[in-house]
Structure formats: structure tokens, C-alpha cells
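What you see below is based on every heavy atom in this structure, not just the backbone, and it leaves out hydrogens, waters and symmetry mates. These numbers come from a predicted model, not from an experiment. Remember, it's 1-based here, ligands and their atoms both numbered in the order they're listed.
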Amino acid sequence: MVKVPAQFHIGPVLIAPATVLAPMAGVTDTVFRRLIRQQGGCGLLMTEFTSSHGVVATQKARKPTRTFRYLAFEPEEHPITAQLFGADPKVMAEAARVCQDLGFDAVDINFGCPVNKVVKCNGGSGCLRDLPLVRRILTEVRKAITIPLTMKFRAGWNDKELVYLEMGRLAEECGLQAIALHPRTREQGYAGRADWSRIAALKAATKTIPVIGNGDILTPEDACRMVAETGCDAVMIGRAAASNPWIFRQIQEYVTTGSYFRPTERDRYDMMRKYYDMMSDQAAPDTVGKMKQFATYFTHGVRNGSKLRTIIYQSQTVSEILEKVDAFFQGELVAA
Ligand SMILES: Cc1cc2nc3c(=O)[nH]c(=O)nc-3n(C[C@H](O)[C@H](O)[C@H](O)COP(=O)(O)O)c2cc1C
């Protein structure tokens with residue numbers, strides 16, 4: 001069996017095992033990242049994408065803002081990468097310097113975000129239609145920091161404008177330390193399948209830096225299959241980690257023993273309770289909203305999960321949610 005590698009390097013930073021939590025806006029905040037890290041098996045964490053303009057403005061204002069919260073992390077999160085988006089090379093460079101000063105292990109640039117708000121300002125996947133701009137951004141940011149620089153990108157704007165091989169070449173020429181490809185196009189959104197043959201082509205064309213494969217990994221078997229089919233140096237997992245925070249642990253177990261942990265109802269309860277406790281300790285704004293959002297992810301696979309989701313959606317306060325989750329699972333566990 002071809003396995004997910006035990007490790008890889010992003011410049012001098014050792015990532016072990018070779019697994020990465022994909023950046024997900026609204027999901028991979030410090031609480032969720034720590035939850036993932038505590039399960040074991042995840043080599044690298046990444047922040048949600050963060051506006052370079054927001055970072056620079058926050059720095060100048062010297063007061064806490066939402067952007068500042070995006071970049072907050074705890075020591076146990078190392079190694080961790082800060083992901084930035086933007087299209088102004090000077091602003092991107094300044095924001096990258098701030099991330100370095102905050103203690104991040106690496107900076108990643110987002111060239112994949114399909115959201116209109118970002119693309120309209122030329123950021124995210126908008127840059128895939130302006131490769132000279134990509135080169136200027138990479139060059140300025142590389143000059144501005146000494147920690148590793150990586151980028152994450154989609155395959156192109158659409159199937160007629162595929163640029164992922166050119167993007168890989170630019171990354172090598174501009175001195176980046178790793179690249180991650182989500183092989184869907186901007187126009188594709190999340191429709192259809194992620195075409196892993198594009199990851200294989202990028203890996204074959206990239207000689208000096210690691211290639212991280214991303215897209216549609218749902219199980220440990222998928223993770224190993226992506227490595228077998230593409231030769232990628234590491235795998236990155238997004239959506240599956242939100243509904244199954246054990247996936248990295250499962251991959252590690254699968255590659256060492258051939259089988260892996262399957263969560264029971266009790267495990268699902270404990271995970272949900274732990275996340276909710278960590279959220280309420282955080283005292284962040286809109287804790288109730290976040291708890292409702294995560295109810296959607298965490299109730300996947302829970303027996304009578306839709307009933308639990310409804311109960312949580314109808315609750316108004318943190319303590320009401322905690323009480324109702326406890327009561328629900330007590331009923332379910334007794335009935336089991
Ligand atoms: C809710 C959500 C938010 C996302 N936010 C980001 C982001 O901030 N930066 C980024 O590079 N990609 C973002 N992505 C894309 C993921 O990182 C990943 O490339 C994509 O989901 C494909 O991987 P998957 O099939 O493992 O989910 C986001 C995806 C989702 C579902």
C-alpha cells in the first residue's frame with residue numbers, strides 16, 4: 001500500500017506526519033484548530049484566510065479587530081501557517097511581515113478563493129487571470145520575510161484557462177517553499193470531482209519544492225489513494241475534517257496498522273461537548289452562532305442527528321445549548 005508520508009519539510013520546518021488541515025474561513029479558528037491538534041495526526045495547521053489590508057490596518061490602529069482575532073493562536077498550534085489574501089504586493093509584503101513577527105512558522109498566499117467579494121478586488125482566484133501580478137506578489141512577499149512562504153491555488157479560472165503548471169513554475173522561480181493545489185477551477189466552485197490528475201501533473205513538473213494535494217479526501221483510504229495516484233508529498237484536508245475531526249488520527253492509524261478508530265456515539269458526544277466547552281471558555285463574540293454552525297458539522301453520523309440539530313438551532317444561549325446537548329445524548333446513550 002502506498003502510504004501518506006510520515007513527514008515532509010516546508011523549508012526548514014519539519015511537518016510530521018505529512019498532513020495539513022486546509023484553511024477554511026469561518027471554520028478553522030483557534031478553537032477548531034486546537035481540537036484537531038489534540039486528536040493527533042495532523043502535521044500542519046493553517047489559519048482562515050485573512051485580508052492583507054485588514055492586517056496592515058490593524059497593525060497601524062494598534063487595537064484588537066476581527067482580523068487580529070483571525071491571527072490569534074496558542075503555542076500548542078505550532079507548526080502553523082498564516083494565510084493571507086490580497087492583490088497589492090506592498091500590502092501583502094507588509095502583512096506577511098506582521099505574521100512573521102506574530103510567530104507563525106510560515107506564510108501562505110491564497111490564490112484560490114472563489115468568493116466574489118475577494119475576487120472583485122483581484123484577490124484569491126482573481127489573480128489566476130493575472131500571472132504577472134502573481135509574480136510581483138510572490139517576489140515582494142518573499143523578500144519581506146525569512147520564514148517559509150507557500151501558496152495555495154485552484155487549477156485556473158475555468159477549464160479553458162488552466163494555469164496551475166505556470167503557477168507551480170512561478171512558485172519555484174520566486175523561491176517559495178511549498179505549494180498546495182485544489183484542482184477545481186474557479187468557475188467549478190465545488191461542483192463535480194476534484195481532478196487529481198492535475199495534482200499528478202503538477203508534482204511531475206515541480207522539481208524543487210513539495211506539492212501538497214487537496215480536494216475530496218473523505219477517508220484514510222482516499223488520502224493514501226491520492227498519494228498513490230499523484231505522488232504528492234503531503235495531503236491537505238478541509239471539509240471532511242469539519243464533520244470528522246478524527247480524520248488525521250485515522251490516517252495515522254491506517255498507515256501504521258492498516259485499520260483505524262471508528263467513533264462511537266459516546267465519542268461524538270465527547271467531541272461536541274469538548275468543542276462547545278472550548279468555545280464558551282473563549283468568550284468570543286457570537287459564540288451561540290458558532291455553536292449552531294458547528295452543530296451542522298458535528299451531528300453528521302450521530303443517531304437522530306437532525307433532531308439534535310433542530311434542538312440546537314432553536315436554543316438562544318450557550319447554557320441552553322449545553323444543557324440540551326447533554327440531555328439529548330443522555331437519552332441516546334441510554335437508548336443504545
Ligand atoms: C467553508 C469553507 C471555507 C474555506 N475557506 C478557505 C480559505 O479561507 N482559504 C483557502 O485557501 N481555502 C478555503 N477553502 C477551500 C478549502 O481549503 C479546500 O481547498 C477545499 O474545501 C477542498 O478541499 P476538501 O475537499 O478537503 O474540502 C474553504 C472551503 C470551505 C468549505
Between side-chain atoms of residues 158-165 and protein atoms elsewhere (two or more places apart, or another chain), which donor-acceptor pairs fall under 3.5 Å?
unit_1, atom_1, unit_2, atom_2, d
Asn158, OD1, Lys160, N, 2.9
Asn158, OD1, Glu161, N, 2.9
Asn158, ND2, Glu161, OE2, 3.4
Asn158, ND2, Glu187, OE2, 3.4
Asp159, OD1, Arg198, NH2, 3.0
Glu161, OE1, Arg129, NE, 3.2
Glu161, OE2, Arg129, NH2, 2.9

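- At least one test fails for Arg184 against the ring of Tyr190: distance under 6.0 Å to the centre or angle within 45° of the axis.
- For the pair Arg262 and Tyr260, the distance from NZ or CZ to the six-membered ring centre is under 6.0 Å and the angle to the ring normal is within 45 degrees.
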Which atom pairs, donor and acceptor, lie under 3.5 Å between side-chain atoms of residues 14-33 and protein residues at least two apart or in another chain?
unit_1, atom_1, unit_2, atom_2, d
Thr19, OG1, Gly41, O, 2.7
Thr19, OG1, Gly43, N, 3.0
Thr28, OG1, Met24, N, 3.0
Thr28, OG1, Met24, O, 3.2
Asp29, OD1, Val31, N, 3.4
Asp29, OD1, Phe32, N, 3.0
Asp29, OD2, Lys290, NZ, 3.4
Thr30, OG1, Arg34, NE, 3.1
Thr30, OG1, Arg34, NH2, 3.3
Thr30, OG1, Glu77, OE2, 2.6
Arg33, NE, Glu77, OE1, 2.5
Arg33, NH1, Thr28, O, 2.9
Arg33, NH2, Ala72, O, 2.9
Arg33, NH2, Glu77, OE1, 2.9

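- Remark: Phe73 engages His78, Phe104 in a ring pair (Phe, Tyr, Trp, His ring centres under 6.0 Å) (not counting sequence neighbours).
- Pocket lining of ligand 1, defined as residues with a non-hydrogen atom under 4.0 Å away: Ala22, Pro23, Met24, Ala25, Phe49, Gln83, Asn110, Lys152, His182, Tyr190, Asn214, Gly215, Asp216, Ile237, Gly238, Arg239.
- Phe49 pairs with exactly one of Phe111, Phe85, Tyr70 by the ring-ring contact (aromatic ring centres under 6.0 Å, His included) rule, that one being Phe85.
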